[in-house]
Amino acid sequence: MLGSLKRSLIVMLSLALLSCGGRSPVAPMFHAIDNPTRLSAWQLFRLSSNQLVLNERVVAYELNSPLFSDYAHKLRTITLPDGLAAEYSPTETFDFPVGTIISKTFYYPSEDAAGHRVTVGVDDTPKRLADGFDLTSVRLIETRILVHRAEGWVALPYVWNEEQTEAVLKRAGAIKPLRLISQEDEQPFNYLVPNVNQCAGCHATNATSRKLLPIGPKARHLNRESTLFDGMPNQLQYWASVGMLKGLPPDNEIPANAAWDDQTAPLDRRARAYLDINCAHCHNAQGAADTSGLHLEATTPHGVQLGLCKPPIAAGTGTGDRRYDIVPGDADASIFTYRMASDDPAVMMPELGRAIAHNDGVSLIAAWINAMPRACSELEDPS
């Protein structure tokens, strides 16, 4: 539903010439110590005649299944130090060198000049940047920076101004009142820009070390065909070909998650990919939710660790009086779908990153659960 417009912006930015109007290319600026108050100080993008252009060595990338964030579209970019490469891993976040800058810009198609009424599910024909990308047609909300410094990764949220000319560092986060328009209705909601501690709530994927790590740049999320690179359809192959990635194995040895909204993919693969990107950064053996006993990575075997017939450990009111995380064959009786469908902060999952429920995501997980054969002995008909 959201893919075509997202690809439109990414394609146009990624195919941008590194100069605009005769200007020389601009290189990104790595800040090893200070935290610039303005996004422009990182020199990742530049604005020219209402066009947003990626600067030199700033590479856009896509994920097979992106994290849901209140229907926001996202432009993801990565910048590596000149001459250095990331080290491939088959399962974990790639090992990126110090000096790497990852950005994620959140935006919506806008229905009014001020950008306060934003649209979900717009079908837009992809265009090349040469045709121009009019920033008055979208509302830029925020750009999150993850920068790899000598002491580790640091997360910094930047909020775009009303004029769409600059984003300013907001360590305490921000709230943006918006109205989300869909085919069914128009819904007011408060878009939450996370503070730096909330950024750590997701990116501190190891509850013991509490060190921040990127979530998306893993082989299974990045291994996909891409429209971003002429003559090189696979994204990881492109990274390797331009010296961004070393140690890439043969294609048949690289894992790949499904796209959750790909109707041609098996239901189990789609659901597992959705849970992996939306939940597994906390729900893994080392994550913030390690005490829950619930592991939601794509490789977790079907069973209790995945939630099947598993009683909750510390869900409190989040159970909705349901007995198991997943009741095979009965999504309505499962805690999973109850918490995913809620927008109550005391109930909803994920706890951070959204203010409204993802209806299509709930429907996907419900269909996956309903397709499971009943397996809990407690649920069997004694007759």
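Values below: all heavy atoms of this structure, side chains included; hydrogens, waters and symmetry mates excluded.
At least one donor-acceptor pair under 3.5 Å links the side chain of Asp70 to the backbone N or O of Ile356. Counting only distance, with no hydrogens or angles, the side chain of Gln305 and the backbone of Leu294 share no donor-acceptor pair below 3.5 Å. No donor-acceptor pair closer than 3.5 Å links the side chain of Thr100 to the backbone N or O of His148. When atom types are taken as modelled, the side chain of Asn370 and the backbone of Ala331 share a donor-acceptor pair closer than 3.5 angstrom. Of the possible polar contacts, none joining the Arg139 side chain to the Gln164 backbone as a donor-acceptor pair under 3.5 Å is found. Under a 3.5 Å cut-off, the side chain of Arg272 and the backbone N or O of Asn257 do not form any donor-acceptor pair. Within the 3.5 Å criterion, the main-chain N or O of Val327 finds a donor-acceptor partner in the side chain of Ser334. Side-chain atoms of Glu351 never come within 3.5 Å of backbone atoms of Met348 as a donor-acceptor pair (strictly under, hydrogens ignored). Looking at Lys104, its side chain never comes within 3.5 Å of a backbone N or O of Glu142 through a donor-acceptor pair. Thr300 places a side-chain N or O within donor-acceptor distance of the main-chain N or O of His295, the cut-off being under 3.5 Å.
Remark: of the listed residues Thr91, Asn64, Asp276, Asp276 is the sole one forming a side chain to side chain donor-acceptor pair (under 3.5 Å) with Arg220.
Ring orientation note: the planes of Tyr191 and Phe189 are nearly perpendicular, at an angle over 60° on the 30°/60° scale. Between Tyr88 and Phe94, the two ring planes are tilted [angle within 30° to 60°]. Between Phe336 and Trp368, the angle of the ring planes lies from 30° to 60°, which puts this pair in the tilted group.
With 3.5 Å as the limit, one finds a donor-acceptor pair spanning the side chains of Asn55 and Arg46. Inspection of the Tyr274 and His358 side chains reveals an N or O donor paired with an N or O acceptor under 3.5 Å. Side-chain contact check for Glu166 and Ser40: at least one donor-acceptor pair (N or O, by modelled atom type) lies under 3.5 Å. Counted by atom type alone, Asp262 and Thr264 present one or more donor-acceptor pairs between their side chains at under 3.5 Å. Inspection of the Trp160 and Tyr107 side chains reveals no N or O donor paired with an N or O acceptor under 3.5 Å. A donor-acceptor contact under 3.5 angstrom links the side chains of Asn223 and Asn234, judged on distance only. A side-chain donor-acceptor contact under 3.5 Å links His302 and Asp268. In this model, a donor atom of one side chain and an acceptor atom of the other lie less than 3.5 Å apart for His283 and Ser292. A donor-acceptor pair shorter than 3.5 Å cannot be found between the side chains of Thr143 and Ser103.
Closest non-hydrogen pair, Arg269 versus Ala258, comes out as NH2-N, 3.4 Å. Scanning all heavy atoms of the two residues, the minimum distance from Ala371 to Leu267 falls at CB-CD2, 4.0 Å.
In this structure, CG on Asn278 lies 12.5 Å from CE on Met349, to the nearest 0.5 angstrom. For the atom pair Tyr71 OH and Arg354 CZ, the distance stands at 10.0 Å (nearest 0.5 Å). Taken to the nearest 0.5 Å, the CG atom of Leu275 stands 7.0 Å off from the CG atom of Leu306. Taking OG1 of Thr79 as the reference point, atom CE of Met29 lies at 12.5 Å (rounded to 0.5 Å). Atom CD of Glu225 is separated from atom CD of Gln237 by 9.5 Å, given to the nearest 0.5 angstrom. Taking CZ of Arg76 as the start and NE2 of His221 as the end, the distance is 10.5 Å to the nearest 0.5 Å.
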Ile145 and Ile102: side-chain contact (heavy atoms from CB on, under 4.5 Å), yes or no, with the steps? CA-CA 6 Å; Ile145 295 287; Ile102 296 176; over 6 Å; no

Could you walk me through whether Lys218 and Ser89 pass side chain to side chain donor-acceptor pair (under 3.5 Å), step by step? CA-CA 7 Å; Lys218 298 176 181 177; Ser89 168; over 6 Å; no

Assess the residue pair Val196 and Val154 against the criterion (side-chain contact (heavy atoms from CB on, under 4.5 Å)); give the C-alpha distance rounded to whole Å, side-chain angles, the decisive distance to 0.1 Å, and a yes or no. CA-CA 9 Å; Val196 292; Val154 176; over 6 Å; no

May I have the step-by-step check of side-chain contact (heavy atoms from CB on, under 4.5 Å) for Glu186 and Leu180, ending in yes or no? CA-CA 6 Å; Glu186 185 171 329; Leu180 191 66; over 6 Å; no

Can you check side-chain contact (heavy atoms from CB on, under 4.5 Å) on Val159 and Lys176, steps first, answer last? CA-CA 10 Å; Val159 178; Lys176 292 284 187 178; 3.4 Å; yes

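A salt bridge links Arg224 with Glu62: the distance from a Lys NZ or Arg NE/NH1/NH2 to an Asp or Glu carboxylate oxygen falls below 4.0 Å. Salt bridge present: Lys310 and Asp325 bring a charged side-chain N and a carboxylate O closer than 4.0 Å.
Note on Leu245 and Val242: same hydrophobic cluster, where clusters join Ile, Leu, Val, Met, Phe, Trp and Tyr whose side-chain heavy atoms are under 4.5 Å apart, directly or indirectly. Under a hydrophobic-cluster definition in which Ile, Leu, Val, Met, Phe, Trp and Tyr are linked whenever side-chain heavy atoms come within less than 4.5 Å, directly or via other members, Leu67 and Trp153 are assigned to the same cluster. A chain of hydrophobic side-chain contacts below 4.5 Å, direct or via other Ile, Leu, Val, Met, Phe, Trp or Tyr residues, connects Met372 to Leu364.
Shown here is Lys170, whose NZ atom has no more than 12 heavy atoms of other residues, nucleotides or ligands within 6.0 Å. In the displayed structure, Arg149 atom CZ is contacted under 6.0 Å by more than 12 heavy atoms of other residues, nucleotides or ligands.
Listed by first and then second residue, the salt bridge (Lys or Arg N to Asp or Glu O under 4.0 Å) pairs that reach into residues 26-43 come to none, sequence neighbours excluded.
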